Protein chains: 2
Amino acid sequence: MLQKHVFGWRSQAGRHMDLEAFVATKEVVSDSEQIASDTASAWDSLLQEISHRPKRATERKQDRAKRTEQQILHAALRVFARDGISRSRIADIAAEAGISTSTLYEYYKSKEDLAYDVPLSHLAEFFESYHANAASRTSARERLLLYLVMSADYAREHAEWARLLYLEIWPSVFVSDTELRHSIDDFTRVILFLVKEGVAEGWVSPERSPYETVAVLIGGVNQLIITWLLYRKPKNLTRAGTEMAERLIAMLENEVSR
Amino acid sequence: MLQKHVFGWRSQAGRHMDLEAFVATKEVVSDSEQIASDTASAWDSLLQEISHRPKRATERKQDRAKRTEQQILHAALRVFARDGISRSRIADIAAEAGISTSTLYEYYKSKEDLAYDVPLSHLAEFFESYHANAASRTSARERLLLYLVMSADYAREHAEWARLLYLEIWPSVFVSDTELRHSIDDFTRVILFLVKEGVAEGWVSPERSPYETVAVLIGGVNQLIITWLLYRKPKNLTRAGTEMAERLIAMLENEVSR
DNA sequence: CAATTATCCGATAAATCGTCGATTTTACAA
DNA sequence: TTGTAAAATCGACGATTTATCGGATAATTG
């Protein structure tokens with residue numbers, strides 16, 4: 001059981017992207033076509049990396065077990081979203097999944113462990129969904145707009161999951177050193193990347209710290225989502241998310257064009 | 001024990017402010033002096049209300065007990081901030097406070113109950129501190145700037161408390177129907193009030209939903225604070241908070257002056 | 001089909017929460 | 001000061017929940 005911690009846990013696969021991108025952009029190039037292509041490839045690598053981050057170290061051998069794992073995750077999401085993590089009982093989740101309590105412990109070593117694994121699959125799905133939709137967008141501005149709009153809309157579509165992630169897990173300190181933390185960090189890395197591209201494209205002020213700009217963007221959208229999750233206001237989250245995203249980007253543009 | 005829930009709990013005192021403010025501003029007035037005075041009084045009433053929101057229904061009779069209550073709150077803050085709420089043990093908190101576990105239950109009926117009471121006193125202190133500092137500011141713009149800057153700075157000064165509030169409690173759904181939820185709502189009400197004043201003063205766009213504007217402001221500042229709590233970046237939170245606040249307000253101003 | 005491994009579960013240990021009655025301390029009036 | 005009722009404290013104990021372990025059952029492999 002301890003072995004799980006020592007290795008196999010939190011694989012480092014896919015961590016080489018930064019180096020590759022670094023090498024790629026350091027190549028001596030002369031025409032802007034080449035540069036654009038490099039940037040594009042860095043963008044693809046980033047998306048590739050974040051959607052392929054490995055989920056679990058231990059892989060189940062039997063089909064039945066894979067089904068059980070899915071049932072546990074599904075049941076846990078339902079129960080956690082209904083009762084909140086701290087009020088939820090492992091026994092309830094196991095019952096909901098149609099297995100015994102001890103079987104659940106065969107899959108997850110603690111309630112905390114389970115809670116941190118539940119949001120992962122949806123997060124990966126979001127990244128994949130974004131990856132598909134972003135293919136047609138060429139400018140960083142369009143990509144960023146889509147990203148912000150989609151994150152609000154995804155929360156609306158998967159309210160149980162969003163409730164768990166945004167209201168209970170996202171800010172928690174104790175997610176550190178967790179696969180989930182890496183995925184959450186990935187979420188912000190995408191925005192950071194696009195903001196830096198925005199500077200290159202000339203519609204984001206180079207005078208401002210990109211990190212501060214990221215905080216403004218994520219903060220605004222998340223605050224909107226959290227308010228919706230808590231009070232179901234605004235009624236139409238999709239539209240509010242679009243308006244918020246467009247407004248935030250327009251605000252950034254205003255900073256340079258004056 | 002159930003009685004505690006039925007009454008005495010979550011006092012409604014101070015809930016009449018809205019009505020009073022409504023009546024005041026509906027008075028027929030002709031000159032702008034009078035309007036300004038009314039607005040000022042509404043502002044004072046708001047600050048008055050939020051800093052005097054009653055803390056607990058049950059008041060301790062003995063000096064020793066009041067000291068004990070303080071010791072519990074102090075110990076709980078330390079332990080919660082160190083271990084996180086869910087990992088903290090009531091026994092540890094009691095030990096840290098120098099009392100027995102059963103005595104602690106004499107004061108708080110559950111760990112959850114305790115966790116939701118801990119942030120209250122600091123929140124009240126923040127409001128009082130702001131109230132004092134805001135006295136010299138006359139425009140809504142200055143008051144809002146001060147509010148945002150002070151909230152970031154207060155988090156820096158009281159990092160343990162901020163860690164508890166921002167990373168564990170603020171977004172939690174289960175704070176609903178709690179005295180704490182009212183205080184957190186108060187926090188946003190102040191900003192909402194100032195945003196609406198900003199529209200009247202002409203530097204906030206009337207085309208935008210005030211609620212959306214509030215989300216942008218709170219979201220940006222909170223995201224900054226959360227990032228600092230998690231990663232201690234940016235190093236200098238006070239300066240970063242000031243920059244963030246000034247930037248956000250400038251962004252709002254940009255929306256109208258073009 | 002036998003051997004091996006993976007999965008599942010009932011029984012039970014361990015940890016933590018929360019309660020109760022008895023005891024001590026405090027506030028205060030006489 | 002002292003008696004007394006109320007307030008506060010605590011140790012012992014019950015209840016709930018988390019987590020473990022060894023064996024039974026099912027799947028896989030050769």
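Everything numeric here is computed off the predicted structure, so don't read it as measured data.
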Can you tell me if R64(B) touches the phosphate of dA8(D), counting only side-chain N or O atoms and a distance under 4.0 Å to OP1 or OP2?
no

Candidates dA27(D), dT25(C), dT18(D) - which lies nearest the side chain of Q62(B)
dT25(C)

Specify the separation, in whole Å, of atom CD of E106(B) and atom P of dT24(C).
17 Å

Quick one: which of dT16(C), dT9(D), dT20(D) gets closest to the side chain of Y105(A)?
dT20(D)

On the six-membered ring of Y107(B), is R60(B) placed so that its NZ or CZ lies under 6.0 angstrom from the centre and within 45° of the ring axis?
yes

Separation of dT17(D) atom P from E112(A) atom CD, nearest Å, is 19 Å

Atom pair distance, as rounded to whole Å: CD1 in I90(A) and P in dC9(C)
15 Å

Does OP1 or OP2 of dC9(C) have a side-chain N or O of T101(A) closer than 4.0 Å?
no

Can you tell me if the side-chain N/O atoms of R60(A) get under 4.0 Å from OP1 or OP2 in dT7(C)?
yes

Tell me the interatomic distance from D92(B), atom CG, to dT16(C), atom P, rounded to whole angstroms.
8 Å

Name the nucleic acid region contacted by S86(A), choosing base, sugar-phosphate or nothing; use a 4.0 angstrom heavy-atom cut-off, strictly under.
nothing

Please verify the inter-ring angle class for Y154(B) with W161(B); under 30° counts as parallel, over 60° as perpendicular, anything in between as tilted.
perpendicular

Nearest 0.5 Å, please: how far is CG in L120(A) from CD in E125(A)?
13.0 Å

Verify the contact: side-chain N or O of Y108(B) to OP1 or OP2 of dG18(C), cut-off strictly under 4.0 Å; return yes or no.
no

On DNA chain C, nearest-nucleotide positions of D63(B) versus A91(B): which is more 5'?
A91(B)

What is the minimum heavy-atom distance between G84(A) and E168(A), and which atoms define it?
CA-OE2, 3.1 Å

If the cut-off is 4.0 Å, is S102(A) near the phosphate of dC8(C), judged by side-chain N/O to OP1 or OP2?
no

Does Y107(A) have a side-chain nitrogen or oxygen under 4.0 Å from the phosphate oxygens OP1 or OP2 of dT7(C)?
no

R87(A) CZ to dC17(C) C1', straight-line distance once rounded to whole Å
15 Å

Which whole-number value in Å describes the distance from L114(A) CG to dT17(D) P?
17 Å

Closest non-hydrogen atom pair, L148(A) against A245(A):
CB-CB, 3.7 Å

Nearest listed nucleotide, side chain of R89(A), among dA8(D), dT17(D), dC10(D)
dT17(D)

Whole angstrom value for the distance that separates P of dT18(D) from CD1 of I85(A)
13 Å

Taken to the nearest whole Å, CG/L104(A) to P/dT17(D) is 16 Å

Hey, do the aromatic rings of Y147(A) and F187(A) have their centres closer than 6.0 Å?
yes

Phosphate-side-chain proximity, K61(A) and dT28(D), N/O vs OP1/OP2 below 4.0 Å:
no

Below 4.0 Å: OP1/OP2 of dC10(D) and any side-chain N or O of S100(B):
yes

